[in-house]
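Report on one structure; see the data block that follows.
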Protein chains: 2
Amino acid sequence: MSFAETFKALSDPVRRDILTLLKKGSLSAGEIGSHFDMTGATISYHLSILKKADLVFENKQKNFIYYELNTSVVEEVMLWLADLRGGTDNEP
Amino acid sequence: MSFAETFKALSDPVRRDILTLLKKGSLSAGEIGSHFDMTGATISYHLSILKKADLVFENKQKNFIYYELNTSVVEEVMLWLADLRGGTDNEP
DNA sequence: CCTATATTTAGAAAATCTTCTAAATAGGCA
DNA sequence: TGCCTATTTAGAAGATTTTCTAAATATAGG
């Protein structure tokens with residue numbers, strides 16, 4: 001939603017690791033959880049933050065929920081950084 | 001220093017605003033502080049986090065400390081995001 | 001319909017973060 | 001030297017975050 005939420009979401013190492021996992025394709029909450037030494041509830045918490053930040057979206061299948069990376073929001077963050085860096089192009 | 005520190009540093013709105021101010025050129029701690037409704041001590045705290053994350057560097061002059069944006073670290077974050085986004089180039 | 005599996009929600013504990021006030025440091029200049 | 005200005009450090013209060021356990025929800029399949 002807001003940049004604030006997106007940057008907050010990116011600030012946690014677990015959540016960045018989740019995003020990296022999703023780089024290769026969508027995974028269910030359980031599959032994601034199996035990569036971490038944490039309870040499913042904790043993974044669910046992190047996923048909810050990534051979801052609120054629009055960094056991932058979900059789609060249900062059977063009783064699994066698959067999560068997928070939303071590259072367009074990643075792109076938006078890159079644009080903010082590009083503007084901060086400045087000097088290459090993209091000035092108004 | 002580490003990505004962890006850099007992303008944490010970027011996760012706070014005050015610190016992102018400081019970086020945006022520095023986009024136009026270096027400013028002293030006091031000049032930075034004058035843009036915010038916060039004590040100098042708090043600004044100093046935020047500057048220390050930006051400094052640890054290598055997002056800014058400082059240089060002293062008289063008894064002022066000027067802060068400057070470190071664009072190379074901004075660049076590194078962009079590269080991480082580009083890799084996450086994937087598909088454009090930069091794969092190993 | 002009942003049970004088993006996948007995931008989320010609620011609530012609480014512990015850790016971390018943000019902010020303040022007060023005090024310390026450091027440098028320049030009369 | 002002694003003071004003034006700029007900034008940081010220390011310590012504490014309050015807010016937010018991360019994690020857990022236990023319970024709730026949802027759905028598939030017998």
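We name chains A, B, ... by the order of the sequence lines, and we start the count at 1 in each one. Small disclaimer: the values here were computed from a predicted structure and weren't measured.
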Atom [atom1] of [X] to atom [atom2] of [N]: distance rounded to whole Å?
X: A/Glu5; N: D/dT16; atom1: CD; atom2: C1'; answer: 14 Å
X: B/Asp12; N: C/dT16; atom1: CG; atom2: C1'; answer: 13 Å
X: B/Gln61; N: D/dA6; atom1: CD; atom2: C1'; answer: 14 Å
X: B/Phe36; N: C/dT19; atom1: CZ; atom2: P; answer: 10 Å
X: A/Leu27; N: C/dA6; atom1: CG; atom2: C1'; answer: 15 Å
X: B/Leu47; N: C/dT18; atom1: CG; atom2: C1'; answer: 14 Å
X: B/Ile65; N: D/dT8; atom1: CD1; atom2: P; answer: 4 Å
X: A/Lys8; N: C/dT16; atom1: NZ; atom2: P; answer: 15 Å

Any idea which of [options] is nearest the [X] side chain?
X: A/Glu58; options: D/dT27, C/dT18, C/dT8; result: C/dT8
X: B/Thr42; options: D/dT18, C/dT19, D/dT8; result: C/dT19
X: A/Thr39; options: D/dA28, D/dT8, D/dC20; result: D/dC20
X: A/Tyr45; options: D/dT17, D/dT5, D/dC20; result: D/dT17
X: A/Ser44; options: D/dT8, C/dT9, C/dT18; result: C/dT9

What I'd like to find out is whether the side chain of [X] reaches to under 4.5 Å of the side chain of [Y], using heavy atoms alone.
X: B/Thr6; Y: B/Asp54; result: no
X: B/Lys23; Y: A/Asp83; result: yes
X: B/Leu81; Y: A/Leu81; result: yes
X: A/Ile32; Y: A/Leu22; result: yes

Tell me what [X] touches on the nucleic acid: a base, only sugar-phosphate, or nothing, going by heavy atoms under 4.0 Å.
X: B/Ala29; answer: sugar-phosphate
X: A/Tyr67; answer: sugar-phosphate
X: B/Gly30; answer: sugar-phosphate
X: A/Lys60; answer: nothing

Check your understanding: Linking I/L/V/M/F/W/Y whenever their side-chain heavy atoms sit closer than 4.5 Å, directly or via other members, would B/Phe36 and B/Leu19 fall into one cluster?
Key -> yes

Check your understanding: Same cluster or not: are B/Leu69 and B/Phe64 linked, directly or through other Ile, Leu, Val, Met, Phe, Trp or Tyr residues, by side-chain heavy atoms under 4.5 angstrom apart?
Key -> no

Check your understanding: Of A/Met38 and A/Asn63, whose closest DNA chain D nucleotide lies nearer the 5' terminus?
Key -> A/Met38

Check your understanding: So, is A/Ser28 near the phosphate of C/dT7, with a side-chain N or O under 4.0 Å from OP1 or OP2?
Key -> yes

**Study point:** Distance below 4.0 Å between A/His46 side-chain N/O and D/dT19 OP1 or OP2
**Key:** yes

Point to revise | Comparing A/Ala41 and A/Phe64 on DNA chain C - which has the more 5′ nearest nucleotide | key: A/Phe64

